[in-house]
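Side chains are part of it too, since the values below use all heavy atoms of this structure and drop only hydrogens, waters and symmetry mates.
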Amino acid sequence: MVVLALIALELVCLYVLGRRLLDGLVGDAVRAGRPRRWATWTLLAPGVTLHEASHAAVATLLGGRVVRFVPFRPEPMRGGGVLLGEVRWHPSRLPVLGGPVGRALVGLAPLVLVPAVVYAAGCALVPGVALGDAPHELPAALLDRPVDVGGVLWVLVALSASIGLLPSKVDHQDLPAALALLALVAVAWLVWRGGIDAADGQRLLTDAAAPATFLAELLAPPALVATVGGLLLRR
């Protein structure tokens, strides 16, 4: 239960302070001169590209068809704000994959896939860390070794990805319907099983502990960046 509370706290940091950080950086870039604007776009480009690529990858995996993929091209929007990147896609015709659950998975894909890609990149770029190791071993390995090109490159990519991974408001439009549908399925499953006893509940929590801990460690760096950046911008 502690790790689930930690994940919830990380998501709150990402959605509240992470949104403030991204909006603040983009707003400052639009108002600033060309050098600062291009510096901001350079910082954001890798993270936004990974964000949009995760949408496209999951949409394709679920049988959808991507019709427009713009990894990073800042453009002003009619209603205000800046569109950093874009993916347009047609859902699968299959009921589940193309329904609210599938569309919600595509919308929320960056929350999981972007940190996962950053982790995999760290395992490739940082010596002494391999796939399967705990994510917290990456920064520990960086501190234990002299500065090298691979480590610096990974830190820059991780920083950009931490800022750019947050799904937009449009990405969440199917989430309420998806949660309602999943809740109905869960209730139907419980009714069919005749309920769940304490032993089964404990087994479910035990089985979920390891992947939940891994997810919490993946989300820790983005949550930290969002918290520090969001609080600094508030000043």
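A side-chain donor-acceptor contact under 3.5 Å links R103 to the backbone of G98. No side-chain donor-acceptor contact under 3.5 Å links R68 to the backbone of V87. The closest donor-acceptor contact from the side chain of R37 to the backbone of A32 lies under 3.5 Å. Within the 3.5 Å criterion, the main-chain N or O of L156 finds no donor-acceptor partner in the side chain of S160. Distance alone, capped at 3.5 Å, is enough to place a donor-acceptor pair between the H55 side chain and the V106 backbone. A donor-acceptor pair under 3.5 Å links the side-chain atoms of E217 to the main chain of H136, judged by distance alone. For D133 (side chain) and A130 (main-chain N/O), a donor-acceptor pair under 3.5 Å exists by modelled atom type. Checked by atom type and distance alone, the side chain of W154 pairs as donor or acceptor with a backbone atom of V118 at under 3.5 Å.
Put simply, the side chain of V26 reaches to within 4.5 Å of the side chain of L84, judged on heavy atoms. Side-chain contact between T227 and L231: present, with at least one pair of heavy atoms (C-beta onward) separated by less than 4.5 Å. Contact annotation: the side chain of L111 approaches that of Y15 to within less than 4.5 Å [non-hydrogen atoms, C-beta and beyond]. Inter-residue side-chain proximity for W89 and V67 is flagged as unmet; no heavy-atom pair is nearer than 4.5 Å. Contact annotation: the side chain of S54 never approaches that of L165 to less than 4.5 Å [non-hydrogen atoms, C-beta and beyond].
A distance of 8.0 Å separates OH in Y119 from CD in E137, rounded to the nearest 0.5 Å. Here the CG atom belonging to L17 is positioned 13.0 Å from the CG atom belonging to L22, to the nearest 0.5 angstrom. Taking CG from L9 and CG from L219, the interatomic distance works out to 11.0 Å, rounded to the nearest 0.5 Å. To the nearest 0.5 Å, the span separating CH2 on W41 from CG on L43 amounts to 10.5 Å. C123 contributes atom SG, which lies 5.0 Å from atom CG of L138 (distance to the nearest 0.5 angstrom).
Following chains of ILVMFWY side-chain contacts shorter than 4.5 Å, one cannot reach L83 starting from L25, and the two form parts of different hydrophobic clusters. Residues V66 and L97 share a hydrophobic cluster, clusters being chains of Ile/Leu/Val/Met/Phe/Trp/Tyr side chains in contact below 4.5 Å. In this structure, V170 is not a member of the same hydrophobic cluster as L14, with clusters built from ILVMFWY side-chain heavy atoms closer than 4.5 Å.
The ring of H51 has its center no closer than 6.0 angstrom to the ring center of F72.
The shortest heavy-atom contact between G150 and L125 is O-CB, 3.7 Å. Across all their heavy atoms, L6 and A216 have their closest contact at CD2-CB, 4.1 Å. The heavy-atom pair separating L21 from A226 by the smallest distance is CD2-CA, 4.3 Å. Here the closest heavy-atom approach between residue I163 and residue L44 is recorded as CG2-CD2, 3.6 Å. Between I7 and A212, the shortest heavy-atom distance links the atoms CD1-O, 3.5 Å. Nearest heavy-atom pair across D171 and S168 is OD2-N, 2.8 Å.
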Stepwise side chain to side chain contact (heavy atoms under 4.5 Å, CB included) check, L224 with E10: CA-CA 8 Å; L224 178 62; E10 290 171 338; over 6 Å; no
Set out, in order, the CA-CA distance, both residues' side-chain angles and the distance that settles salt bridge (Lys or Arg N to Asp or Glu O under 4.0 Å) for R20 and D23, then state yes or no. CA-CA 5 Å; R20 178 184 298 163; D23 290 347; over 6 Å; no
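Each of V129, V152, V126 was compared with L142 under the side-chain contact (heavy atoms from CB on, under 4.5 Å) criterion, and only V126 meets it. Under the side-chain contact (heavy atoms from CB on, under 4.5 Å) test applied with V114, the options L166, L50, T49 reduce to a single match, L50.
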